[in-house]
Protein chains: 2
Amino acid sequence: MKRDVFQAIADPTRREILNMVAYKPLNVNSVAENFDVSRAAIYKHMKILIECGLINMKQQGRERYCEAKLEKLNEVSEWIEQYRQFWETRLDALELYLEEIQKKPVLQTKTKIKKHGNKKPTRK
Amino acid sequence: MKRDVFQAIADPTRREILNMVAYKPLNVNSVAENFDVSRAAIYKHMKILIECGLINMKQQGRERYCEAKLEKLNEVSEWIEQYRQFWETRLDALELYLEEIQKKPVLQTKTKIKKHGNKKPTRK
DNA sequence: TAGTAATGAAACCAAAAGGTTTCACAAAAA
DNA sequence: TTTTTGTGAAACCTTTTGGTTTCATTACTA
């Protein structure tokens, strides 16, 4: 089954594992020791992280060291960034609007803050 | 139950819903029309998005319009950004580190990563 | 060589997730 | 008023998820 990064980082345990191996490669047992659940459970999480490319493993004797491949997070990062202008321009618009009604007297008709100015490619 | 943003965006349908209402607020039925699954299923997704603060709803007559609150994505964005330096500057260092710990016991305080010849670990 | 440690995988289980159909109800339309 | 529309929620179902215990295998160690 094809894993995807969004789903992989949805689980708090997996984010914690990622955080651990981000700083230093660790073998499976060392990772598992830091959690309350069984080694097998942690191993399954690690396998999911491997399947979606967020970590990889290197055999060393009988141990397997895991290192983070954090650049995979770019997929998520880019997905979010496509919306950054949305919420930032929208906030700006709101700020402008607030400034505006502060300058003017009370009697004001409802001005619509119609943002979405930056026409992005439409879906589908 | 407290939803979290990571889990909310893990589902492709929910990401798609988010994308739709990012451009224009839509009522529940309008959103649901764009999917193959039932309105009830879509409504459940929307409820999850509401619970974690990614959209909100405004009643208007018998309809409910949803608008995206994309700034919530900052939580995810910030989580990722804390690792950006890791993958942008530390890629080679990790390789070297692995070679290093091959020669030493695991439980070592942070040793400096020194360069040495490019000998590959022998694997099976 | 015998014993132990590290790992991968299987069998199994409970709960969560994602879906469906159905029903109730208020608002809008006829 | 009667009918239709938009919505929320309940009951129910199947698959996925996250967990367990157990077992086999292989590499170290005594």
Side-chain angles (χ1 to χ4, degrees), chain A residues 1-21 24-52 54-67, chain B residues 1-18 20-21 24-52 54-67 98 101-108 121-124:
Chain A
M1 148 196 329
K2 180 57 190 146
R3 300 285 179 173
D4 100 39
V5 185
F6 287 90
Q7 192 260 339
I9 65 171
D11 184 274
T13 301
R14 286 196 289 269
R15 289 201 298 278
E16 186 60 29
I17 292 174
L18 258 193
N19 189 65
M20 291 178 56
V21 300
K24 190 172 81 166
L26 293 170
N27 63 12
V28 178
N29 274 349
S30 301
V31 173
E33 279 166 9
N34 291 272
F35 296 90
D36 288 336
V37 298
S38 68
R39 180 188 62 79
I42 295 300
Y43 177 70
K44 282 193 192 175
H45 282 305
M46 296 174 84
K47 221 163 54 168
I48 290 174
L49 291 172
I50 288 171
E51 281 166 12
C52 80
L54 274 166
I55 65 178
N56 63 20
M57 282 195 175
K58 297 185 174 181
Q59 185 113 24
Q60 254 171 343
R62 66 182 162 184
E63 297 170 85
R64 293 206 160 186
Y65 280 83
C66 314
E67 64 178 356
Chain B
M1 90 212 55
K2 180 59 189 142
R3 299 287 180 171
D4 100 38
V5 185
F6 288 89
Q7 193 261 338
I9 65 171
D11 184 274
T13 302
R14 285 196 291 269
R15 289 201 298 279
E16 186 61 26
I17 292 174
L18 257 193
M20 290 178 55
V21 300
K24 191 174 79 170
L26 294 170
N27 63 9
V28 177
N29 273 349
S30 301
V31 172
E33 278 166 9
N34 291 272
F35 296 89
D36 288 337
V37 297
S38 68
R39 180 188 62 79
I42 295 300
Y43 177 70
K44 283 192 191 175
H45 282 304
M46 296 174 83
K47 221 164 52 170
I48 289 173
L49 290 172
I50 289 172
E51 280 166 14
C52 79
L54 274 165
I55 65 177
N56 64 17
M57 280 196 175
K58 296 182 177 178
Q59 185 112 26
Q60 223 159 2
R62 67 183 160 181
E63 295 171 83
R64 294 205 158 186
Y65 280 83
C66 314
E67 64 179 355
L98 259 193
I101 61 174
Q102 231 187 334
K103 307 189 236 172
K104 297 182 179 181
V106 176
L107 274 182
Q108 192 91 30
T122 31
R123 295 181 211 162
K124 291 209 61 178

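Naming convention: chains lettered A, B, ... in sequence-line order (proteins, then strands); numbering from 1 in each chain.
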Distance col, row A:Arg14:CZ vs A:Cys52:SG, nearest 0.5 angstrom, shows 8.0 Å

Determine: side-chain N/O of B:Gln7 to OP1/OP2 of C:dA17, distance under 4.0 Å, yes or no. yes

Here the gap from A:Tyr43 atom OH to A:Ser38 atom OG, rounded to the nearest 0.5 Å, amounts to 13.0 Å

Next item on the list: Look at the side chain of A:Arg3 and the backbone N and O of A:Ile48, then say whether any donor-acceptor pair between them is shorter than 3.5 Å.
Entry: no

Sequence neighbours excluded, the answer for ring-ring contact (aromatic ring centres under 6.0 Å, His included) partners of A:Phe6 is A:Trp79

When rounded to whole Å, the CD1 to P distance for the pair B:Ile42 and D:dA9 reads 17 Å

Terminal axes of the helix from C:dT1-D:dA30 to C:dA30-D:dT1 (5 end pairs apiece), angle rounded to 10 degrees, sit apart by 10°

(Q) A:Phe35 vs A:Glu16, test: side chain to side chain contact (heavy atoms under 4.5 Å, CB included). Steps then yes/no. (A) CA-CA 10 Å; A:Phe35 296 90; A:Glu16 186 60 29; 3.5 Å; yes

dist A:Ile17:CD1 -> A:Cys66:SG (nearest 0.5 Å) comes out at 8.5 Å

note: A:Asp11, atom CG; C:dA16, atom C1'; distance rounded to Å ~ 12 Å

B:Met46 CE to C:dA17 C1', in whole Å, measures 18 Å

| message | Working note: A:Thr13 + A:His45, criterion side chain to side chain contact (heavy atoms under 4.5 Å, CB included); need CA distance, chi angles, decisive distance, verdict. | response | CA-CA 8 Å; A:Thr13 301; A:His45 282 305; 3.7 Å; yes

Picking from C:dA17, C:dG8, D:dA9, the nucleotide nearest the side-chain atoms of B:Arg3 would be C:dA17

(Q) Can you tell me if B:Tyr43 touches the phosphate of D:dT7, counting only side-chain N or O atoms and a distance under 4.0 Å to OP1 or OP2? (A) no

* For C:dG8, does either OP1 or OP2 sit under 4.0 Å from a side-chain N or O belonging to A:Arg64? -> yes

Separation of C:dA26 atom C1' from B:Gln60 atom CD, nearest Å, is 16 Å

Residues at least two apart in sequence or cross-chain that pass salt bridge (Lys or Arg N to Asp or Glu O under 4.0 Å) with A:Lys47, listed by chain then number, are none

Within residues 31-41 of chain A, those residues having any heavy atom closer than 4.0 Å to DNA chain D are A:Val37, A:Ser38, A:Ala40, A:Ala41

Whole-Å distance, B:Ile9 CD1 to C:dG18 P, equals 13 Å

Hey, what are the protein-to-nucleotides 1-5 of chain C N/O distances that come in under 3.5 Å?
| from | atom 1 | to | atom 2 | distance (Å) |
| --- | --- | --- | --- | --- |
| C:dA5 | O4' | A:Arg62 | NH1 | 3.4 |
| C:dA5 | N3 | A:Arg62 | NH1 | 3.4 |

Whole-Å distance, A:Lys47 NZ to C:dA6 P, equals 20 Å

Next on the checklist: Between A:Gln59 and C:dT7, is there a contact of a side-chain N or O with OP1 or OP2 at under 4.0 Å?
Outcome noted: no

Rounded to the nearest 0.5 angstrom, the CD-CE distance for A:Glu33 and A:Met20 is 8.5 Å

Atom NZ of A:Lys44 and atom P of C:dA14 are separated, to the nearest Å, by 14 Å

To the nearest angstrom, the CZ-P distance between B:Phe6 and C:dA17 comes to 17 Å

| request: For D:dG19, take OP1 and OP2 only and decide whether either is under 4.0 Å from a side-chain N or O of A:His45. | output: yes

Sorted by chain and number, sequence neighbours left out, side chain to side chain contact (heavy atoms under 4.5 Å, CB included) with B:Ala32 holds for B:Arg39, B:Ile42

Rounding to 0.5 Å, atoms CE (A:Met57) and CD1 (A:Ile55) come to a distance of 5.0 Å

Value for CE (B:Met46) from CZ (B:Arg64), rounded to nearest 0.5 Å, stands at 10.5 Å

